[in-house]
Amino acid sequence: MNTNDLHPDRETGAAAGGDTRHDLRLEGVSKRFGNFIAVDNLDLVVRRGSFFGLLGPSGCGKSTTLRMIAGLEQPSSGRIMIGGVDMAGVKPYQRPVNTVFQSYALFPHLTIAENVAFGLRRRGIKDVRRQVADMLALVELESQAAKKPAQLSGGQQQRVALARALINKPEVLLLDEPLGALDLRLRRQMQIELKRIQTDVGITFVHVTHDQEEAMTMADTIAVMNAGRVEQMGAPIDLYEHPVTTFVANFLGQSNLIKGQLTGKAGGDTMLEVHGQRMAMPTARVHTDRDEVWVGVRPEKMQISRAGTSVEGENAMTGVVTDASYIGVSTQYLVALPWGQEVSIFSQNLSTEGPLSAGDDVVLHWNPAHTFALDSTQDAAAGAEKVEGDE
Amino acid sequence: MSAAPAPGAASAAPADDVARSVGTKAWTPYALLTPGMLWLAIFFLVPTVMLVKMSLSSGTAFSGDGSFTFDWQFSNYSDAWNQYVIDSPIFQKSLVYALIATVLTLVIAYPLAYTIAFKAGRWKNFLLVLVIAPFFTSFLLRTNAWQTILVDSGPVVTFMENTGMLSFLHAINTPDSWPSWAQLFPDGLTGENRVLATPLAVIIGLAYNFLPFMTLPLYASLERIDFRLIEAATDLYSSALTAFRKVTFPLSLPGVVAGTLLTFIPAAGDPVNAALLGSANDALMGNAIDSQFKATGNYPLAAALSAMLMFVIVVMVALYVRRAGTEELV
């Protein structure tokens, strides 16, 4: 395949914000099913050639959004633009979009080669052999061309579904939980594969998933969705390091959220008080107008030391270890704070004294720059249920 | 196998394990098969052997001492051939009537099954009950009812007359110039102003009576189709019609094959519809066998006709199933 004509000038044009004609844009898109609002006034811009992740728990509206882009559902209001063309009234089979379905939806009566050729044949392209061979080579399934889908493993079927969509060189490729049915090891492998293929072909990928690790591994930009809305959008590192809502703080990784009050500003810093303890943090990381806040720190950003250790210049609080799980690469601690709340700490096993154990008095301390402050009216547990729910 | 040297040694231990863990349950499959096998042996194999034996015997039931001698009378088959294929084309008629009825049934049943499978929503079960509801009354009664529906000068016939359908159907006939063995509809598909006692009435009766046998297998195979496959086809540049042609219909082929067989096979041998809805000219193989058996007492000829019909249907079905290639479908 000639990858040159597939390569949009991502680095130069789109990323610099110059050429926006080929973007996928959602403007005020809503979808209602009866009284239920699945997607609520969604605005999104997906840059051409980017790998865009739509991340959220089941029922957050991410799949509905994908189906609206594909044309399998009609928005109740708002509009969807692909490459500058309004998609209202454009039938699914007329859109420059292809989908990799969660169930793969391979045609069981056709061979792998015919499955892959399906889209080309429907557009009246007679000689498909060369393209099908190239595409099967891309997904490393040349030897399976004559087989039926039922004869392939889950991972192979997934790659056929990808090839069947990619061969059409759509403007946008939609992936609906494409790795959901695979086991963990295969999923890791396919994540890397998918990213490689996307880089190779340079097509815009919109990837829907509930797996935050999967989204962070592959996507350039992630939109975290909850209850039909985008909670926060940005690069994986921005979302993780600078969550602006409790939902994002909990859904992407874990967060310790502790009640506190903002007490004033000094330079670029904001002073705060947490259960009588004075602390500081960068003002840029305060994401609320109120003085009552959730003070957030990621578990791996907290350091744990025996009580009495000097923690000059850091935010600190004391506690008692209630649980220590040694898992080799790190030790995960649960520490009870004086007011009863438990926080978790992921500690690299750097200390030579061996891990702390339950009952030890400790001091927790962290770099003030790792502190963030969120609106205290938000639910501190929002987005945290996914741990039991999805994995 | 690359492990050629001692395949027995390698497999012996696991086989023993299996035998032990399954224990006395090894005979279970045979026990489960026994009733069906016995049924087939008593009600299919034995009668078939008796039928073939009778078809090669001589004698009649109503003359002489009423007994039959098995003496390899192959002339029964040549008599059957001459009388029912060459002299009057009853054999051909049976197959053609059954074929038309099968196509008609398929054309009616496919949209019906499709609607029930994909569009009926909560009415699905109710509609399925309606499909089999006719079975609650007797086959004979239902066929008789068609005499009333298609009665001369009745509303149906009047409507067909007024719309010109009747004269159109009457015009569909086999020309006099054709040889006698090809005279399938010498007087048209219908009469000039009647439907009852014409070929069409028999075909309608066959199509009506076997409709559920077509609808249910079609429904079963359509209902199994994953709707996401149709979405996938739509996503891959197929219009609704193309998606049907390339995905839905091929995937429903097992149902089409099952339904057409369940309709065609009994329709080809059915005597009731021709007897109740047709004229004397519309007698089919079922009626011929019936009359040779009951009126003439020529059991050997009746048996030869039955064996012939059975043989031709088996060959046709084998060719058809092979052509449709259902074994390749999942």
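Protein chains get the first letters and strands the later ones, always in sequence-line order, with residue 1 at the start of each. Note that the structure is a prediction, hence the values are computed from the model and not measured. Reckoned from all heavy atoms, side chains included, excluding hydrogens, waters and symmetry mates.
- No side-chain heavy atom of P250(B) sits less than 4.5 Å from a side-chain heavy atom of L110(A).
- In this structure, the side chains of F101(A) and D226(B) stay at 4.5 Å or more apart for every pair of heavy atoms.
- In F227(B), the CZ atom is not crowded: 12 or fewer heavy atoms of neighbouring residues, nucleotides or ligands sit closer than 6.0 Å.
- Between L251(B) and H109(A), the shortest heavy-atom contact is CD2-ND1, 3.5 Å.
- Contact annotation for A233(B): both backbone and side-chain heavy atoms come within less than 4.5 Å of a heavy atom of chain A.
- Shown here is F135(B), whose CZ atom has more than 12 heavy atoms of other residues, nucleotides or ligands within 6.0 Å.
- Remark: S239(B) OG to Q94(A) CD distance equals 9.5 Å, nearest 0.5 Å.
- When side chains are defined from C-beta on, F118(A) counts as touching K246(B), because their heavy atoms get closer than 4.5 Å.
- Here the side chains of Y93(A) and T242(B) are not in contact, with every heavy-atom distance at 4.5 Å or above.
- For R129(A), the CZ atom is loosely surrounded, since the number of other residues' heavy atoms within 6.0 Å does not exceed 12.
- Taking OH of Y104(A) as the start and CG of L229(B) as the end, the distance is 14.0 Å to the nearest 0.5 Å.
- Of the two parts of R67(A), only the side chain, counted from C-beta on, holds a non-hydrogen atom closer than 4.5 Å to a non-hydrogen atom of chain B.
- With contacts defined as side-chain heavy-atom distances shorter than 4.5 Å, the pair D235(B)/L72(A) does not qualify.
- The nearest pair of heavy atoms linking Y237(B) to R122(A) is O-CB, 3.6 Å.
- Note: N98(A) leads V97(A), N98(A), L106(A) in heavy-atom pairs under 4.5 Å with chain B.
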